[in-house]
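Below: the structure, in structure tokens.
When a residue number appears, it is its place in the shown sequence, counting from 1. As a basis for the values below, the full set of heavy atoms in this structure was taken, side chains included, without hydrogen atoms, waters or symmetry mates.
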Amino acid sequence: MNLVTLSAVRLAELIKKREISAREAVDAHIALAERVNPTLNAIVRTRFADARREADALDRKTTSVPATELPPFHGVPCTIKECFEFTGMPNSAGLVRRKHVVATTDATAVKRLRAAGAIPLGVTNVSELCMWMESTNRVYGTSNNPYDPTRIVGGSSGGEGAIVGSGASPFGLGSDIGGSIRGPAFFNGVFGHKPTPGVIPNSGQHPKAENEAKRFLTTGPLARRAEDLMPLVRVLAGPDGIDPVCEAVTLGAPESVSFAGRTLVSVEDNGRLPVSDELRAAHEQAVRALERRGMRVRTARPRALALQFDIWSSMMGLATDTPFGAMLGEGTPIRPLVELAKLGLGKSDHTIMAILLAITDPLPRVFRRHAQKLVDAGLALRREMAELMGDGGLWLYPSYTKVAPPHGQPVKEAVVLQMPFAYFGIVNVLHLPATQVPLGLGREGLPLGVQVIGRAFDDHVTIRAALELEQDFGGWVPPRGVA
């Protein structure tokens, strides 16, 4: 039995039945992490000794408590994105000015995972202040893809994507304001779920979202197996009295979903950024798989999607009071042009994209009238997509324009205003749930995938689609040396 390929649900079942111990599960994942992490640089601070002690304690509990009374993820190892508060762990969010910050409490999501029996192995890498699609910063360096270390892992939950994709963690905790769960899940070949806003509290993260951006930011899981997604969402969901956006909701059950007669909106691209042939072919195969299950396919390309980056950036910009440059300076705005000059000399504490964002971040507030028109277009698109899907319908949309690109390529594209990550970001400002689904490996041995998007609070429907597509496409494909 290869423990580093099983779902978290299956691991917990085996531990509760005493067919394996929590210590065996933890040791197996630590052994793989010790082998792959020097190449991946995904886990940036480990707690392996603590994890082993916690596993031993839970094994003692296994012998004295009936299996039916043990929590859902009893004894299962996991990892946590570094931007979440986690007692005794760093909480820098990749910012040099915060590199000495150590959390003294657990974020709500971390607390709930631990209460559910999960055992964190450590915290994982992010982009600087969690605001770019490459997980690189001046505190921890750059994370590398488990299928090809010369490729990106995505961001900002890139360390999570890489370590889960490697097999060294069954699941991880991420957050997503512009694709930060789904991008890493896509590039690293695993499942990721961005829930409907308000389902899971965002409390205890740095940086904190403001105003309407509190609904653009969502907390959710990445997992190597689809069957873990809904149980994790259930563990994480519900108000905590801290996050003002989070509300009590009744979550549906994936197993209750029948796709017969429901609408599937297939959008092959946004009309501006073309998608590679292999991703387009995988998309079409996913459409056919859901059509075979009774869905009625409707092909569309709403015109506003051509403006998806402009809409996302305008809605983000007008929702935020604190300039990004001030966030980088921990309250005192940095001088971006000075930092650019220092960067050229190799002396800046900031990454190139963080500096460029500090320059461009004020633009929606400076050109407020133009930005407001784009916000209005986003609100209209929100209504249009809801109408296209209809009750219980789904929307299949590309994850990106190509498989995981080489390190640095997204920065070069951004300089010429090519922003493929907006394939993810537009979903955040539409307030919709989305599940990233792997669809096997492409010609270069890199993961393919698609976003399955649903109407608000239809998280169980997108997750059911992920379960069905996993059956047809195989889901996560372990990198060489894992299976």
**Request:** Please step through side chain to side chain contact (heavy atoms under 4.5 Å, CB included) for the pair I426 and I311, ending with a clear verdict.
**Result:** CA-CA 7 Å; I426 190 63; I311 291 171; 3.8 Å; yes
**Message:** Using 0.5 Å steps for rounding, measure from the CG atom of D59 to the CZ atom of R52.
**Reply:** 13.0 Å
**Request:** Determine the minimum heavy-atom distance between F424 and G179, stating which atoms define it.
**Result:** CB-CA, 3.4 Å
**Request:** Using atom types as modelled and distance alone, determine if a side-chain donor or acceptor of T196 lies under 3.5 Å from a backbone N or O of V199.
**Result:** no
**Prompt:** In terms of side-chain heavy atoms, does D106 have a donor or acceptor partner in T87 at a distance below 3.5 Å?
**Reply:** yes
**Item:** Side-chain donor/acceptor of D349 to backbone N/O of L95, under 3.5 Å
**Value:** no
**Fill in**
Tightest non-hydrogen contact, residues S135 and N125, listed as O-ND2, 3.5 Å
**Message:** Do S399 and Q451 pair up side chain to side chain, a donor and an acceptor below 3.5 Å, judged on atom types alone?
**Reply:** no
**Request:** May I ask you to check whether N41 and N144 show a side-chain donor-acceptor distance below 3.5 Å?
**Result:** no
**Message:** Does any part of the side chain of L394, heavy atoms only, come nearer than 4.5 Å to the side chain of F259, both counted from C-beta?
**Reply:** yes
**Message:** Taking F216's backbone N and O only, do any of them form a donor-acceptor pair with N428's side chain (distance below 3.5 Å, no angle check)?
**Reply:** yes
**Message:** I want to check something: taking the side chain as every heavy atom from C-beta on, are L173 and L113 in contact at a cut-off of under 4.5 Å?
**Reply:** yes
**Request:** State, to 0.1 Å, how close H460 and M230 come at their nearest heavy-atom pair, and which atoms those are.
**Result:** CA-SD, 4.1 Å
**Prompt:** Less than 6.0 Å separating the ring centroids of F421 and W312?
**Reply:** yes
**Message:** For the backbone of G317 and the side chain of R365, can you confirm whether one donor and one acceptor N or O come within less than 3.5 Å of each other?
**Reply:** yes
**Request:** Can you see which heavy atom on L328 is nearest to which on R97, and at what distance?
**Result:** O-NH1, 3.4 Å
**Request:** Examine distances only and state if a side-chain atom of D240 and a backbone atom of P201 form a donor-acceptor pair shorter than 3.5 Å.
**Result:** no
**Message:** Salt bridge or not between R98 and E330? Use side-chain N to carboxylate O under 4.0 Å.
**Reply:** yes
**Prompt:** Do the charged groups of E13 and R10 touch, with an N to O distance under 4.0 Å?
**Reply:** yes
**Prompt:** Is the side chain of N37 donor-acceptor paired with the backbone N or O of A33 at a distance under 3.5 Å, no angle test?
**Reply:** no
**Message:** What I'd like to find out is whether the side chain of H74 reaches to under 4.5 Å of the side chain of T62, using heavy atoms alone.
**Reply:** yes
**Request:** Report yes or no: does N91 contribute a side-chain atom to a donor-acceptor pair with the main-chain N or O of V101 at less than 3.5 Å?
**Result:** no
**Asked** Hey, does the side chain of K16 reach the backbone of P71 with a donor-acceptor pair shorter than 3.5 angstrom?
**Response** yes
**Request:** Please answer whether the main-chain N or O of D243 pairs with a side-chain N or O of N202 as donor and acceptor at a distance below 3.5 Å.
**Result:** no
**Request:** For salt bridge (charged side-chain N to carboxylate O under 4.0 Å, His left out), just list the numbers for R151 and E134, CA-CA rounded to whole Å, side-chain angles, deciding distance to a tenth of an Å, and then say yes or no.
**Result:** CA-CA 10 Å; R151 306 294 182 123; E134 294 185 72; over 6 Å; no
**Side-chain touch V235/P72, heavy atoms, less than 4.5 angstrom** = yes
**Prompt:** Is the closest side-chain heavy-atom distance between P184 and L222 below 4.5 Å?
**Reply:** yes
**Request:** Take R114 and E54 through the test side chain to side chain contact (heavy atoms under 4.5 Å, CB included) and record every step on the way to the result.
**Result:** CA-CA 10 Å; R114 300 183 80 183; E54 290 170 14; 3.3 Å; yes
**Asked** Taking the side chain as C-beta and beyond, is there a heavy-atom pair between F324 and L129 under 4.5 Å?
**Response** yes
**Message:** Assess, by modelled atom type and distance only, whether the side chains of E85 and T105 contain a donor and an acceptor separated by less than 3.5 Å.
**Reply:** no
**Request:** Would you please test I152 and N145 for side chain to side chain contact (heavy atoms under 4.5 Å, CB included) and show each step?
**Result:** CA-CA 6 Å; I152 72 167; N145 194 293; 6.0 Å; no
**Between K194 and S180: side-chain donor-acceptor atoms closer than 3.5 Å** = no
**Request:** Mind checking the CD-CD1 spacing from E34 to I43? Nearest 0.5 Å is all I need.
**Result:** 9.5 Å
**Asked** Within a reach of under 6.0 Å around CZ of R138, are more than 12 heavy atoms found that belong to other residues, nucleotides or ligands?
**Response** yes
**Fill in**
Smallest heavy-atom separation, L467 atom then P254 atom, equals CD1-CB, 4.1 Å
**Message:** Quick check for you: to the nearest 0.5 Å, what is the distance between M327 atom CE and T332 atom OG1?
**Reply:** 14.0 Å
**Side chain proximity check, S92 to Y140, heavy atoms < 4.5 angstrom** = yes
**Item:** Heavy-atom side-chain proximity of S127 to M353 below 4.5 angstrom
**Value:** no
**Prompt:** Does the side chain of H431 pick up a donor-acceptor pair with the side chain of E212 at under 3.5 Å?
**Reply:** yes
**Asked** Is R382 salt-bridged to E387, cutoff N-O under 4.0 Å?
**Response** no
**Item:** Polar contact flag, side-chain donor to acceptor under 3.5 angstrom, H193-Q436
**Value:** no
**Prompt:** Which pair of non-hydrogen atoms, one from I15 and one from A25, has the smallest distance, and what is that distance?
**Reply:** CD1-CB, 4.2 Å
**Complete:** Distance col, row N270:CG vs Q308:CD, nearest 0.5 angstrom, shows 4.0 Å
**Complete:** CD (E160) and OG (S169) are apart, to the nearest 0.5 Å, by 6.0 Å
**Prompt:** Is the centre of the F171 ring less than 6.0 Å from the centre of the F73 ring?
**Reply:** yes
**Asked** Hey, does the side chain of S175 reach the backbone of T219 with a donor-acceptor pair shorter than 3.5 angstrom?
**Response** no
**Asked** Does the side chain of E210 pick up a donor-acceptor pair with the side chain of T320 at under 3.5 Å?
**Response** no
**Item:** Salt-bridge criterion met for D228 and R224 (N-O under 4.0 Å)
**Value:** no
**Message:** Using 0.5 Å steps for rounding, measure from the CD1 atom of I352 to the CG atom of L357.
**Reply:** 11.5 Å
**Message:** Distance alone, cut at 3.5 Å: any donor-acceptor contact between the side chains of T124 and E82?
**Reply:** no
**Asked** Centres of the Y147 and F187 rings: under 6.0 Å?
**Response** no
**R464/E468 ion pair, N-O < 4.0 Å** = yes
**Message:** Apply side chain to side chain contact (heavy atoms under 4.5 Å, CB included) to residues I463 and F191 and explain how you reach the verdict.
**Reply:** CA-CA 10 Å; I463 289 173; F191 294 88; over 6 Å; no
